[in-house]
Amino acid sequence: MATSAISQSASQSAGTGARGGLRAWFLRSENARGYALMGPTLVIMFIALAAPLILLLLYSFWTQEGYTVNTTLTFDRYFDIFVNDTSENRLFWTLFQRSVSISGVVTLVTVLLAYPIAYYVAFHVKKYKFLWLILLTIPFWTSYLLRVFAWKIILGYQGVINSGLQSLGIIDAPLEFLLYNPTSIVITLAHAWAAFAILPIYVSLEKIDRTLLEAAADLGDGPWRRFWRITFPLSMPGVISAAVLIFVPTTGDYVTPELVGGTQGKMLANLIQIQFGKSNDWPLGAALALSGLAFVGLIVVFTVAAFRAAVSRVR
Amino acid sequence: MMATPRRIQSPKTARPSIGLMIFAIAYLVFLYLPVLFLPVFSLNDSAFIKFPLEGFTTRWYDEALSDQNMIAALMNSLKVGAISAVSATFLGLLAAKAVTRYRMRGAGTAMGVIMLPLFIPEIVLGISMVLLFDAVDLPLSLVTVTIGHIMLTVPFAMAVLIARMDGFDKSLEEASLDLGESAWMTFWRVTFPLVLPGIVSSLLLTFIVSFDEFLIAFFLGGTDMTLPVYIWSQLRFPAKLPSVLAMGALILVASCVLVVLAEWLRRRGVSDEAKKGAIGI
């Protein structure tokens, strides 16, 4: 994207700005004109994104009694989650572990399945590339709720698989293990987030300079060596952004555990939602959301760093 | 795509591509088959979602379209979607023009803030806006849903429009300014017509994102229901399922048509360089 080049030239100009009067003035006015244009967008993002997140942080240090909020700052909510022997503490860790492991498996499965497709479209499809890309993109834009719901129909007690197998006479009674467990969540999410994996990986594969592969071939590398030493390391940015784009939002998914997870498949988002519904404890909900987000963020940072290190060793 | 002459797609690499092709086609089936069960059962003459299929009927569509609450929810979604799409595309256009045409200090940070909603789970966005609207005493309604959806869809509009802005020759704008047109007239007579396919594409895509969005509408809607929230509320009534499937099938078809149109507009005429950037989202 063009922004890195822009910010680079802006920082260069900051150095020379003090000396050249006219030039500095011009650049400053470019800044002013740019931000004036961008202003309305930034204002909306402040109102609807930054301000709510700041309030979320404040709320997590407040206390709620009935319908009144006590704005004395306290760490009690975080103590309840991390230190004290409370039901919140046990629930948070159970659901956090479940959310992270389900999302981890989903991320792994989705990326592993998506890579060959992205590779196929980037390197082997020539004539109908556009068609393939559209076909792979459409599910990305269609209703998430309906895509998740489709799996409830398929895996349900009276669902497509059970009633299909029964009417074919293969089974006598419906299989109960299909729905309402972590596996059904993994299947559903791997399907719902497929496009998020394919597109970033495809972009990074498409960008690879083909002459590098030619050079390796000329120097005697076989197809596998070429793939592991050139294509795979160069596609890492796509793989990493796909993994982050899937892992972070799925740890906070609410719809899928609610529809296909059953009681043994509740995840962190369901616990957070309860604080804003039945339990009516907004500060606890805020603290749970921020704790989850912070830990997920830490996991992402460490995993990405470890992964980068491992891949650079391959090269 | 650009023709790359003399690739290494020699016989050596041509063989494994058959295995890959079979895998790719199987994957497409995995991608589309589950969703196809919605229209299949919406046309099935049975109140139960199960095999064997009973016979063809359109009565679930009649039932869906005569459900006043469902139609009201549909209208709500259309309103929210239209206002969000127009607002997000307008805001995206301003920001895209700013970052592609001006050298700005901190433009990268500003872009990062605008793109942030893509990286935060929707539940966090939803609950934090509930807190804000409560703090400023703005009752939850379609208005608050729309504010949430504008925030959520601006990144999509930005991504589409930046690619489009980068994709055409900037000297056209400079020529117009040199020849004496004002900045405003240059925008209307040069920039706007060139960016128009991107604008239409952005309108369609942001509309679809808002129209299909569930969780933020669920948190911010109060008693007002958008179509996904209404569908959600009906999922626990088995008797309502077939008509919900009928409406779902209609939504899927409409979404597909809009997406194909939007993608076609987005990719048409954009230079190869910009195309690669645009596919990323």
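Each chain gets a letter, A, B and so on, in the order its sequence line appears, and its residues count up from 1. All values reported here derive from a predicted model rather than from experimental measurement.
The side-chain hydrogen bond (donor to acceptor under 3.5 Å, both in side chains) check on A:Tyr115 picks up A:Ser235, with sequence neighbours excluded. With sequence neighbours excluded, the residues that form a ring pair (Phe, Tyr, Trp, His ring centres under 6.0 Å) with A:Phe276 are A:Trp282.
Most heavy-atom pairs under 4.5 Å with chain B: of the set A:Leu165, A:Val255, A:Leu42, A:Ile44, this distinction falls to A:Val255. Counting heavy-atom pairs under 4.5 Å between each of A:Val160, A:Ile153, A:Leu168 and chain B puts A:Val160 at the top. If you tally non-hydrogen atom pairs under 4.5 Å between each of A:Met45, A:Arg147, A:Gln158, A:His191 and chain B, the highest count goes to A:His191. Interface check for chain A: of the options B:Val40, B:Asp212, B:Ile251, B:Ile231, the most heavy-atom pairs under 4.5 Å are formed by B:Asp212. Listed options B:Thr109, B:Leu38, B:Ile120, B:Leu131 were ranked by heavy-atom pairs under 4.5 angstrom with chain A; first place goes to B:Leu131. Comparing B:Phe218, B:Phe30, B:Phe90 by how many heavy-atom pairs each has under 4.5 Å with chain A, the most go to B:Phe30. Chain B forms more heavy-atom pairs under 4.5 Å with one residue of A:Ile47, A:Leu145, A:Leu293 than with any other, namely A:Leu145. Counting heavy-atom pairs closer than 4.5 Å to chain A, the top residue among B:Ile127, B:Leu116, B:Ile147, B:Val124 is B:Ile127. For the set A:Phe196, A:Phe149, A:Trp151, A:Tyr144, the entry with the most heavy-atom pairs within less than 4.5 Å of chain B is A:Phe149. Top candidate by heavy-atom pairs under 4.5 Å with chain B, chosen from A:Leu136, A:Val244, A:Leu259, is A:Leu259. Of the listed residues B:Phe214, B:Phe41, B:Tyr32, the one with more heavy-atom pairs under 4.5 angstrom with chain A than any other is B:Tyr32.
Separation of the A:Trp141 and B:Phe156 ring centroids falls under the 6.0 Å cut-off.
When heavy atoms are compared at a cutoff of 4.5 Å, B:Phe219 approaches chain A solely by way of its side chain, counted from C-beta outward. Contact of B:Leu241 with chain A is made through the side chain alone, with heavy-atom distances under 4.5 Å. Heavy-atom distances place the side chain of B:Leu28, and not its backbone, under 4.5 Å from chain A. Proximity to chain B (any heavy atom under 4.5 Å) is restricted, for A:Ser167, to the side chain, taken from C-beta onward. The contact between B:Val260 and chain A is made by backbone and side chain atoms together, counting heavy-atom distances below 4.5 Å. At a 4.5 Å heavy-atom cutoff, the contact between B:Leu245 and chain A is made by side-chain atoms alone. Looking at B:Phe119, both its backbone and its side chain come within 4.5 Å of chain A, counting heavy atoms on both sides. With a threshold of 4.5 angstrom between heavy atoms, B:Leu215 approaches chain A through side-chain atoms but not through N, CA, C or O. With a 4.5 Å cut-off on non-hydrogen atoms, B:Leu235 touches chain A through its side chain but not through its backbone. In this structure, chain B has no heavy atom under 4.5 Å from any part of A:Gln275. If you measure heavy-atom distances from B:Ala135 to chain A, the contacts under 4.5 Å come from the side chain alone. A:Ala114 touches chain B through backbone and side chain together, each having a heavy atom under 4.5 Å away.
Between B:Ser84 and B:His149 the shortest heavy-atom distance is OG-CB, 3.4 Å.
No cation-pi contact links B:Arg105 to A:Tyr35, judged by a cut-off of 6.0 Å to the six-membered ring centre and 45° from its axis.
Using modelled atom types, one finds no donor on one side chain facing an acceptor on the other under 3.5 Å when comparing A:Tyr202 with A:Trp132. Judged purely by distance below 3.5 Å, without hydrogens or angles, the side chains of A:Thr211 and A:Asp209 pair a donor atom with an acceptor atom. With hydrogens and angles left out, the side-chain atoms of A:Thr250 and A:Asp253 include no donor and acceptor closer than 3.5 Å.
Ring planes of B:Phe211 and B:Phe207: parallel class, angle under 30° (limits at 30 and 60°).
Between the side chain of A:Arg226 and the backbone N or O of A:Ala216, no donor-acceptor pair lies under 3.5 Å. No donor-acceptor pair under 3.5 Å is formed between the side chain of A:Thr142 and the backbone N or O of B:Leu252. When atom types are taken as modelled, the side chain of B:Thr206 and the backbone of B:Ala88 share no donor-acceptor pair closer than 3.5 angstrom.
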* To do: With salt bridge (Lys or Arg N to Asp or Glu O under 4.0 Å) as the test, would you mind laying out the steps for A:Glu258 and A:Lys152 before giving the verdict?
  => CA-CA 11 Å; A:Glu258 199 70 22; A:Lys152 191 178 168 127; over 6 Å; no
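Here the straight-line distance linking atom CD1 of A:Ile154 with atom OG of A:Ser163 works out to 11.0 Å at 0.5 Å rounding.
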